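Quantities reported herein were computed from a predicted structural model and do not represent experimental measurements. Reminder, nothing fancy here: chain letters follow the sequence lines and each chain counts from 1.
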Amino acid sequence: MADNKPIQPPTGTRDLYPIEAARRRFITEAWRRASINHGFEEVDGPTFESTELYTKKSGDGIVSEIFGVFSGKDEQGVKALGEKLARGEDAPAPYALRPEFTPTLARMYAARAASLPKPTKWFTAGPFFRAERPQRGRLREFLQWNCDVIGLALPEKPTPEDIARATAQADAEVIACCVGLLEQCGLKSENVKVRISDRNLIASMLQAQSVSADKLTPALMLLDRRKKSDPVEFAATFAERVGDIAHFDQYCKTCEKLIAGGLSELGSGGSDQPDVRFNFKPLHRLWNELKSLGIADWCVVDLSIARGLAYYTGMVFEVIVDGERAVAGGGRYDNLIVLFGGPSTPAVGFGMGDVVLSLVLQDKGLMPEGAELMQIAGQSPDVFVISNGTPEADAALPSVLADLRRGSREQRGRDSLHARRTSKTTKNVGKILQEAEKSGAHFAAIVESASEVTLKNLRTREQDPSKTPIASLKSEVLKRLGRG
RNA sequence: GCGAUCGUAGCUCAGUUGGUUAGAGCACCGGGUUGUGAUCCCGGGGGUCACGGGUUCAAGUCCCGCCGAUCGCCCCA
């Protein structure tokens, strides 16, 4: 009756053993720290949502990469869907495992918009799902970190100038948070580039070449694929669907140069350059914000970035680390909140996945290992309790352990220590010390009798010359850990 | 959905034109005669060689199928 065939994890998912789980913890802790330190508050939503939430804004293209979810109680619904599918009709599942966070965020904000501060700064980190073919840096289940700034800090009767300034500040703020994370992980501006672009600017440049409004979206999608394509072939495709690309390139180059150079005559609205007659002021303003935040050397203006997503309305950016695929991406989406029933509210944000980030950190040797990793992940023991092998010490050990682990409500558990013992049967103290050190434990406590232990600091390998009474062991360890 | 490469121990891999009972290192477990850690010595558990067929006296090895993984394409929220 028992069928013991092993069941493998589903395609594109991971089993995380202690080392991998600690690595993931390292990343999520870094995300939390970066976003909290940049003033974002944590939120979260359901991991599955009504499928409509995603079809509403993005059309059917996305639906094919969504994992459908059925309630299991809804037998009739499932049956009806099965019949539809059998007839070859389109039949999306009623729920979808969330493929991204932005729609959830937009809904959450819209529902309470009136009572939320402007701007509202939220972050979240959790699992997301896409039914794609797994490949390097890409799985079907992954963690994603999102940071968003919704709404703008504005005076009561804002001028266009006020709005432009607040917009640039919000854009810079999310980019700064993203860069803050990368820097904190040990990455350098030499290896990382935040490529920043502006869809409005691109659109105006395309329109200057007589590209009609209805062709803008396909043109933007096409531009995004450019780097991967053969240049000649791309130019041909682009000419066929949109128009001649030669002028467009020229516009881009001139704009990038001028923005990064910060030429002053641009601010006055005039230019001797006949090709520069577009509204690059928003990007220029953003560039100045980035400079004042001290992160401009991480950034580069690159108007070949468009981002495939339909809902972006202005600034877009992506983060490239050396040759790897994008480690993060985001942009401004000013129309999304209203689409979910909220007041018209501008917003900007980005997402970063754990998969590419861990690849990058491991390739560059920036991912901690062994005891250091366990320590960072908060899993290395405070005290490793060892019996000296006498029956008296053996008998005393369990209660020593239990006392170290006990935490009080008054201290909110801060006085509870991570205490371990060996599960080996050997009485060889040297071997157990070896195990203790490997575990990353800070201290070893060798039980000498029913009343005394010898304390040893495993990090410095210094052992106390005198014994410590068991009654004061815990307070002594807390003191030495700086938690007393 | 399409293409390419690859599946031998927990991990990294060896395994001869097909030939006895499939190996090593690391890891894990135990011991090295009553207590201080690298190293070292001895011992141990672990494999239906991914799975299923076929060819053959004989298959880890050759053939077919299948599952899985990796890397690309498509797509990228």
Under-3.5 Å N/O pairs linking protein and nucleotides 7-11 of chain B:
none

Restricting to nitrogen or oxygen on both sides, can you table the protein-nucleotides 68-71 of chain B pairs closer than 3.5 Å?
unit_1, atom_1, unit_2, atom_2, d
B/A69, OP1, A/T11, OG1, 3.4
B/A69, OP2, A/T11, OG1, 3.4
B/C71, OP2, A/R136, N, 3.0

Can you name the residues that form a salt bridge (Lys or Arg N to Asp or Glu O under 4.0 Å) with [X], not counting sequence neighbours?
{"X": "A/E476", "value": "A/K479, A/R480"}
{"X": "A/R307", "value": "A/E318"}
{"X": "A/R420", "value": "none"}
{"X": "A/R195", "value": "A/D302"}

[atom1] of [X] versus [atom2] of [N]: gap in Å, rounded?
{"X": "A/R307", "N": "B/C75", "atom1": "CZ", "atom2": "C1'", "value": "13 Å"}
{"X": "A/N146", "N": "B/A77", "atom1": "CG", "atom2": "P", "value": "12 Å"}
{"X": "A/I19", "N": "B/A27", "atom1": "CD1", "atom2": "C1'", "value": "12 Å"}
{"X": "A/Y312", "N": "B/C76", "atom1": "OH", "atom2": "P", "value": "12 Å"}
{"X": "A/R138", "N": "B/C75", "atom1": "CZ", "atom2": "C1'", "value": "6 Å"}
{"X": "A/R140", "N": "B/G1", "atom1": "CZ", "atom2": "P", "value": "9 Å"}
{"X": "A/Y311", "N": "B/C76", "atom1": "OH", "atom2": "P", "value": "13 Å"}
{"X": "A/R332", "N": "B/A77", "atom1": "CZ", "atom2": "C1'", "value": "18 Å"}

Fill in: Dot-bracket pairing map - RNA chain B, Watson-Crick plus G-U, both contacts under 3.5 Å, | cross-strand
(((((((..((((.....[...)))).(((((.......)))))......((((..]....)))).)))))))....

Is [X] reaching over with its side chain to a backbone N or O of [Y], donor-acceptor style, under 3.5 angstrom?
{"X": "A/R199", "Y": "A/Y312", "value": "yes"}
{"X": "A/S197", "Y": "A/V316", "value": "no"}
{"X": "A/K193", "Y": "A/S189", "value": "yes"}

Contacts table for residues 333-344 of chain A: side-chain donor-acceptor under 3.5 angstrom, sequence neighbours left out:
unit_1, atom_1, unit_2, atom_2, d
A/Y333, OH, A/D148, OD2, 2.5
A/D334, OD1, A/R332, NH1, 2.9
A/D334, OD1, A/A347, N, 3.2

Discussion item. Once ring pair (Phe, Tyr, Trp, His ring centres under 6.0 Å) is applied, do any residues pair with A/F129, and if so which ones, sequence neighbours excluded?
Written reply: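 For A/F129, no residue satisfies ring pair (Phe, Tyr, Trp, His ring centres under 6.0 Å) once neighbours in sequence are set aside.
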
Worksheet item: How would you list, by chain and number, every residue that makes a ring pair (Phe, Tyr, Trp, His ring centres under 6.0 Å) with A/Y95, sequence neighbours excluded?
Response: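 Result, ring pair (Phe, Tyr, Trp, His ring centres under 6.0 Å) vs A/Y95: A/F48.
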
[N] and [M]: how far apart are their [atom1] atoms, nearest whole angstrom?
{"N": "B/C41", "M": "B/U55", "atom1": "C1'", "answer": "49 Å"}
{"N": "B/G65", "M": "B/G23", "atom1": "C1'", "answer": "30 Å"}
{"N": "B/G31", "M": "B/G7", "atom1": "C1'", "answer": "37 Å"}
{"N": "B/C2", "M": "B/C66", "atom1": "P", "answer": "12 Å"}
{"N": "B/A50", "M": "B/C6", "atom1": "P", "answer": "14 Å"}
{"N": "B/G30", "M": "B/G18", "atom1": "P", "answer": "44 Å"}
{"N": "B/U33", "M": "B/U61", "atom1": "P", "answer": "48 Å"}
{"N": "B/A4", "M": "B/C42", "atom1": "C1'", "answer": "49 Å"}

Item to complete: Name all pairs fulfilling the side chain to side chain donor-acceptor pair (under 3.5 Å) condition that reach into residues 437-447 of chain A, sequence neighbours left out, sorted by first residue then second.
Response: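 Applying side chain to side chain donor-acceptor pair (under 3.5 Å) to every pair that reaches into residues 437-447 of chain A, excluding sequence neighbours, yields A/E437-A/R461, A/H442-A/R459.
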
Discussion item. With nearest nucleotide decided by heavy atoms, which residue, A/E132 or A/S423, maps closer to the 5′ end of RNA chain B?
Written reply: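 Whichever sits nearer the 5' end wins; that is A/S423.
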
Worksheet item: Within the structure shown, what part of the strands sits under 4.0 Å from A/R130 by heavy-atom distance: base, sugar-phosphate, or nothing?
Response: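 Counting heavy atoms under 4.0 Å across all strands, the contact made by A/R130 includes a base.
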
Worksheet item: So A/W145 and A/W31, would you call those rings parallel, tilted or perpendicular, with 30° and 60° as cut-offs?
Response: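 Taking A/W31 first and then A/W145, their aromatic rings lie parallel (interplane angle under 30°).
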
Discussion item. Between A/N146 and A/L105, does the side-chain contact (heavy atoms from CB on, under 4.5 Å) criterion hold? Intermediate values first, please.
Written reply: CA-CA 10 Å; A/N146 283 258; A/L105 177 101; over 6 Å; no

Item to complete: Kindly say if A/T426 contacts the phosphate of B/G31, meaning a side-chain N or O under 4.0 Å from OP1 or OP2.
Response: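 A/T426 to B/G31 OP1/OP2: side-chain N or O found under 4.0 Å.
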
Could you list all N or O pairs between the protein and nucleotides 35-45 of chain B that sit under 3.5 Å apart?
unit_1, atom_1, unit_2, atom_2, d
B/G35, O6, A/N388, ND2, 2.6
B/G35, O6, A/E448, OE1, 2.1
B/G35, N1, A/E448, OE1, 2.6
B/G35, N1, A/E448, OE2, 2.9
B/G35, N2, A/E448, OE2, 3.3
B/U36, O2, A/K456, NZ, 2.6
B/U36, N3, A/Q463, OE1, 2.8
B/U36, O4, A/Q463, NE2, 3.0
B/G37, O4', A/G430, O, 3.4
B/G37, N7, A/K456, NZ, 3.4
B/G37, O6, A/K456, NZ, 2.5
B/G37, N1, A/E437, OE1, 3.4
B/G37, N2, A/L433, O, 3.3
B/G37, N2, A/E437, OE1, 2.4
B/A38, OP1, A/Q434, OE1, 2.5
B/A38, OP1, A/Q434, NE2, 3.2

Practice prompt. Check whether the side chains of A/T13 and A/E141 place a donor and an acceptor atom closer than 3.5 Å, and report yes or no.
Written response: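 No - no donor-acceptor pair under 3.5 Å links their side chains.
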
Practice prompt. Give me the one residue out of A/K427, A/E435, A/K431 that meets side-chain hydrogen bond (donor to acceptor under 3.5 Å, both in side chains) with A/T422.
Written response: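 By the side-chain hydrogen bond (donor to acceptor under 3.5 Å, both in side chains) criterion, A/T422 pairs with just one of A/K427, A/E435, A/K431: A/E435.
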
